[in-house]
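The shown structure was predicted, so the numbers you read here are calculated from the model rather than taken from an experiment.
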Amino acid sequence: MPLLPSEVLCVNPSLELVATGPERGLSRGVKPGAQVEFVQGDVDALLAVLEAVAADGNVAAVVRRLSARMSEAAALATLEQLRAAGWLVREQASAAQVLPRVALIGNGRLADAIARVIAQQGFVELVRSEPLALPRASDPGARRFPALGGVRFVPAARGESQAPTSDVTVLALDRVTYAELDAYGEALNARGEACLFASVEAGEGRIGPLMLAGGGSGFVASRHRLATQGGQAVDREALQAFSVQELGSSPAELEVAERVSRELALELRRIVARDETPRSLDSVLLLTPSGSARQPLSLVREPAQPSAASASSGRDLSLEADVIAARATNLRERGERPLSTTLRRVGIVGGGTAGYLTALALRAKLPELEVTLIESSTIPIIGVGEATTALLNHFLHAYLGLDILDFYARVEPTWKLGIRFEWGLPGDYFYNSPFQFGKLLESLVYEGDINKNCLGSRLMTANTTPVVRTAEGGHRCLLSEVPYAYHLDNRRFVRYLTEEARRAGVLHLDTVVDTAVPLPDRSGIDYLLTEDGRELRYDLYIDCTGFRSLLLDKALGSPFVSYASSLFADSAVVANVPHGGLVKPYTVAETMDHGWCWNIPMPDSDHRGYVYSSAFANLEQASAEMRAKNPGMAEPWTVRFRSGRHEEFWRGNCVAIGNSFAFVEPLQSTAIHMIVVEIQRLVSAFPREGGLRCFQPLINREINEVWDTLRWFLAAHYRFNRRLDTPFWRECRARTNTSGVDELLALYGERAPLGATAHRLRELDLSTFGVYRYDLLFMGMGLEAPLAVPDDDELTWRLASAATERVAARALPFGAALEVLQRQPEMLRRHAAELAAI
């Protein structure tokens, strides 16, 4: 019988760890040298499970403790694996641990899948019933369900008014409206029974409450009333948005059905466990092949007795019914319908971050497409640290819907509140560039520097995070209030994306593309030729080959626009450096003799990279300078690059994403940021009819302007950095081309900051980086300018500043904050829901 949340486990005291040699796993034995049994898996993960059991053997508590490292299903599976191998001992189950009787009412493939999974979970009795008002099983043409172990099938009689008696009822019906489901909900709610519904609609699984306890309307009932109260009918096509469609037989839909079944089994366990909180009683859990999210319910409660208020309520509901109909029309107008374009087969050449993020986005947003990713397993992934911007958080957990707890467990990111620039002025000076907007002018005028302008900046200075202690001894997560990004280990991140892409139905070819053969006029790609002689043909080709730019550059010859007059660096030395356990909540940009050095903190070490100009230093000189400033530095490796972009982001049937289109050094952590910008533009501009090409010049101009704006922003970092007086920096101050921001510089020199009311530029958007970022850059580097009058007087500022400081004083460092989230994973769940609501 599977483990229950209320059970208690302990590590078998008679067993001991036996050396495993080069194998990845655990062995056990009574004495050294005795015969052992091997447990396959990741050693660190298995040991983490054992440590969690040793700390608190309650299964529910163990799952919570491991939540930041692995998903709930993975934790339970690992516990089962270790128990079966004898590592863990199970206490005798008590009567309180017996699962309730479950009634499953269904009529299709989804009900079949749910019955199979739940029957394996150890429930005392599972009753399988046909839907009400459907023919008996004995009637001609009636659906007969397959025999399943542990399932007792109870057919419903025609006209039966009540569902089978049970402790928990699950409805999984195909081809019915929510209004029909509502009839079940009202009958079951009157008897005080818990009732959930499950469905798979348009490739998306849903689990939620049919009715709320005490008579409150659930997801189904609220929408049913919108259609019936006020005497006004809702357009039938609009109601289809709230109908359960028949589950198809495609691999993607069946995979979602399996996920619904597994999650439903876990939810039933939570309903029983007294120390667990069910997730599907006050919201709808949405499941896709690539992730999950929660959708709050739109609830409608009826007054106890008819009154004047009820008439008003009816009119409001009638109005809301019109809104629903309008929304359905709007969805149709926006083109959320099956694609009619002939661009159906997409070939992505190259994996890595660019390739897999593109594949996931196309599958999530344009599921009609057949997406194939072509890469070679012989090309290794470089395990370098990757700093990101806050755009990636929303992209992963809202746009793609990837589960945040699963992401933390498998990728092990650290938080980035911004960038600490050891830059601008000589000496030990630094300034923070947090993601959070703050009061730059007030901080400069009243404090003498800009580093107290917001909570995020204060946390950076203190090396703490947006998880704080409360006065009552608890904790509060402020990740939704203090913007942040991720620091990622590229190897772990790409492995995670690879696994998620395969779950999402992305096809994969492990081969080397030798040549991209262009059409005769080089207006697009004709086919790809692999090293084993195959010809691969697609409707749309996406170039994710990195600096090689095999399709856009080599095959199509899109001209390259160099940024070398603004950005002199062309090389980087990269290495890992011990950090002694201090995981800083920011990226560092440190001025060096011939360029600058990044510091990206990961859980095990700092990932450092020295970006320099080969015109001023060779590899040996750069490596020596980096090693002198980083004791214990591991063996470095090198990267060569050129800064600039191609003229065309989209040419004919070819789109280039990431480094294959453009690159600038990561001074503002824009590599993945720009990948996301390009992907979202590709998805939003994807032609929904065949033969449409005139949009391409518009998209190309838009993407080019974003990259050019980024060029000028980075160039300003170089021109005004006065920290060192070396030949490289003297050349930067004298010759860096900043012509794209000369007007802003003149405006800043007239009155600072640019965002002050003196210029009324608060709403001005300079594409990738707006006015506020220029103000932070210019102020941080100490550019002199007459200052505007602050919005806040000094007393107002002091009071607000003191309040911010009190919050900062309660903030935890990264390690302690991560432990809090491991114990209370619902904090991350709430944060992910808030991201999705933005």
Parallel, tilted or perpendicular, judged at 30° and 60°: which one describes the rings of F421 and W423? perpendicular
### Query
Y496 ring centre to R491 NZ or CZ under 6.0 Å, with the angle to the axis within 45°?
no
Margin query: Angle between ring planes, H646 versus F661, binned at 30° and 60°: parallel, tilted or perpendicular?
Written below: tilted
task = Check whether the side chains of Y586 and N463 place a donor and an acceptor atom closer than 3.5 Å, and report yes or no.
result = yes
Looking only at heavy atoms, the pair that brings L667 and L714 closest together is CB-CD2, 4.0 Å
| Any donor-acceptor pair under 3.5 Å linking the side chain of S660 with the backbone of I657? | yes
| Quick one: does H607's side chain have a donor or acceptor within less than 3.5 Å of a partner on H487's backbone? | no
Check whether F560 forms a cation-pi arrangement with R645 (NZ or CZ under 6.0 Å from the six-membered ring centre, at most 45° off the ring normal).
no
* **Side-chain donor/acceptor of N432 to backbone N/O of P434, under 3.5 Å** => no
- Item | F430 six-ring face occupied by R420 cation (under 6.0 Å, within 45°) | yes
> How are the rings of F686 and W650 set to each other: parallel, tilted or perpendicular (split at 30° and 60°)?
Replying inline: tilted
Check for me whether the distance between the ring centres of W415 and Y486 falls short of 6.0 Å. no
Worksheet item: Below 6.0 angstrom between ring centroids: does that apply to Y774 and F778?
Response: yes
What do you reckon, are the aromatic ring centroids of F407 and H397 less than 6.0 Å apart?
yes
Contact check, side chains of F493 and I672, non-hydrogen atoms, under 4.5 Å:
yes
Checklist entry - Between F728 and H594, does the ring centroid distance fall short of 6.0 Å? => result no
Handout entry: Steps toward salt bridge (Lys or Arg N to Asp or Glu O under 4.0 Å) verdict (D543, R651)
Key = CA-CA 11 Å; D543 189 346; R651 179 165 178 169; over 6 Å; no
Donor-acceptor pair, distance only, cut-off 3.5 Å: does the side chain of S669 make one with the backbone of T389? no
Can you check salt bridge (Lys or Arg N to Asp or Glu O under 4.0 Å) on R344 and E370, steps first, answer last? CA-CA 6 Å; R344 290 291 183 152; E370 178 187 288; over 6 Å; no
>> Working note: R681 + E678, criterion salt bridge (Lys or Arg N to Asp or Glu O under 4.0 Å); need CA distance, chi angles, decisive distance, verdict.
In response: CA-CA 5 Å; R681 201 66 193 95; E678 291 164 356; over 6 Å; no
Going through the distances and angles, do R410 and D489 end up as a salt bridge (Lys or Arg N to Asp or Glu O under 4.0 Å)? CA-CA 11 Å; R410 292 159 61 190; D489 178 274; over 6 Å; no
Practice prompt. Ignoring hydrogens and angles, tell me if any N or O in the side chain of N700 forms a donor-acceptor pair with the backbone of F649 under 3.5 Å.
Written response: yes
From the list M626, E590, K629, side-chain contact (heavy atoms from CB on, under 4.5 Å) with Y610 holds only for M626
Q. Between D606 (side chain) and P578 (backbone), is there a donor-acceptor pair under 3.5 Å?
A. no
inquiry  = Checking the side chain of K416 only, and the main-chain atoms of Y484 only, is there a donor and an acceptor separated by less than 3.5 Å?
reply    = no
